[in-house]
Amino acid sequence: MTPNLTTDLHPAGHDATQAAARVLAGGGLVAFPTETVYGLGADATDARAVARLYAAKGRPAFNPLIAHVGDLDAARRIARFDERSLRLAEAFWPGPLTLVLPKAAGCPVSDLATAGLDTLAVRVPAHPVAQAILRAFGKPVVAPSANISGHVSPTTAAHVQGDLAGRIDLIVDGGPVSVGVESTIVACLATPLLLRPGGLPRADIERVLGTKLTRPAQDVAADAPQPLAPGMLASHYAPRTPVRLDARDLRPGEALLAFGPCPLAGADAARTLNLSTTGDLVEAAANLFGHLRHLDTAGASAIAVMAVPDEGLGEAINDRLRRAAIPQH
Ligand code: AMP
Ligand code: MG
């Protein structure tokens, strides 16, 4: 499952920026410096590219990723701002603040990048190399830290090379970045919530908001005393239709989420989708949330899901399938 790519290393500059934009446009992976740590970038609107990113990092789960854009105008095309979130963006962007907002109508960011959620984490980074690449590419870029999952976040191009050489297309070397403090994440959905403390101090945000930030208790979604709007804090996507895992047969009224060349017999073609007919796990990951959403609208009694091997991206696919099978509250 280890991709065997030639990883180019370019010093930051005009040529590297153009090369990075080309690689992103071709669905490839580029590591570049941000003001927090080196990020591993992929076209946020291309599910295959995002699936490759998860594979390169060896992530065992699909956590929703942050979409990076060059400026507030670009952010407003993919997320819905209200008066408060607009004030935060105007005060702190570009910089180490990530806002979690409702997705804009027609938001082109792939479901895999948001792990199927209807909310989107978005940030305008300040680092000049990140800025140049985002402007040259012109589309949102997901960019988690450029390291193998479980390793420390990289602060130099050499760190990135040590972890990801042979697994990504390009590393843009912009020199060492300031110590790896991640961005502060604030959800602006109902009451503003501090989801992750980070590089931007909480007090600065509270001053601009004129109110205190709440920290969600662990797993607010499960048993919040005052439920917010449904699904707003849910940390994972789940269809409304029940999901039945490891299906070996098909029951009456069920839709089928198949995997591999031999889908279960007896399925109604209109209610069947295949994650990958060739058993390709990168393709399966790219299709996962879109297929679930589609089958959720089929009016089926349940979605029967064929087994997916628990190797490579299969581990993350199975993690999300198990969460999708937990009944919605
Ligand atoms: P990283 O890219 O490694 O800095 O991590 C991204 C962080 O953003 C993770 O902690 C995610 O759980 C969080 N995140 C991204 N999108 C969302 C979202 N829609 N709702 C809540 N948290 C999010
Ligand atoms: Mg990380």
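The first residue of the sequence shown is numbered 1, and numbering continues consecutively from there. As a basis for the values below, the full set of heavy atoms in this structure was taken, side chains included, without hydrogen atoms, waters or symmetry mates. In each ligand, atom 1 is the first atom listed, and ligand 1 is the first ligand listed.
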Check ligand 1 against [X] and write out every atom of the ligand that is under 4.0 Å from a heavy-atom position of the residue.
X    : answer
R59  : 3 (O)
P144 : 2 (O)
A121 : 15 (C), 16 (N), 17 (C)
I185 : 7 (C), 8 (O), 13 (C)
L195 : 21 (C), 22 (N)
T119 : 18 (C), 19 (N), 20 (N)

Inset, instruction - Return yes or no for this condition: an N or O of S145 is under 3.5 Å from an N or O of ligand 1. - result: no
Inset, instruction - Mind checking whether K103 contacts ligand 1 via backbone (N, CA, C, O), side chain (CB onward), both or neither, at a 4.0 Å heavy-atom cut-off? - result: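 For K103, there is no contact with ligand 1 at all, from either part.
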Inset, instruction - Mark the output for V100 as yes if a heavy-atom distance to ligand 1 is under 4.0 Å, and as no if none is. - result: yes
Inset, instruction - Run the contact test for L117 against ligand 1 with a 4.0 Å cut-off on heavy atoms, strictly below, and give the result. - result: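 It does, in that a heavy atom of L117 comes within the 4.0 Å cut-off of ligand 1.
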Inset, instruction - State whether R322 and D246 are salt-bridged, where the test is any N-O pair (Lys NZ or Arg NE/NH1/NH2 against Asp/Glu carboxylate O) under 4.0 Å. - result: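 No, R322 and D246 are not salt-bridged.
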Legend entry - Sidechain N-carboxylate O distance under 4.0 Å for R52, D46: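 Salt bridge flag = no for D46 with R52.
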Legend entry - Of T184, V186, L213, the residue whose pairing with R202 passes side chain to side chain contact (heavy atoms under 4.5 Å, CB included): L213
Inset, instruction - Establish, for the pair R293 and Y237, whether the NZ or CZ atom is under 6.0 angstrom from the six-membered ring centre and no further than 45 degrees off its axis. - result: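 Judged by the rule, R293 and Y237 form a cation-pi pair.
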For residues [X] and [Y], report the shortest heavy-atom separation together with the two atoms involved.
X    : Y    : answer
E35  : H127 : OE1-N, 3.4 Å
P144 : K57  : CG-CD, 3.8 Å
T7   : R167 : OG1-N, 3.9 Å

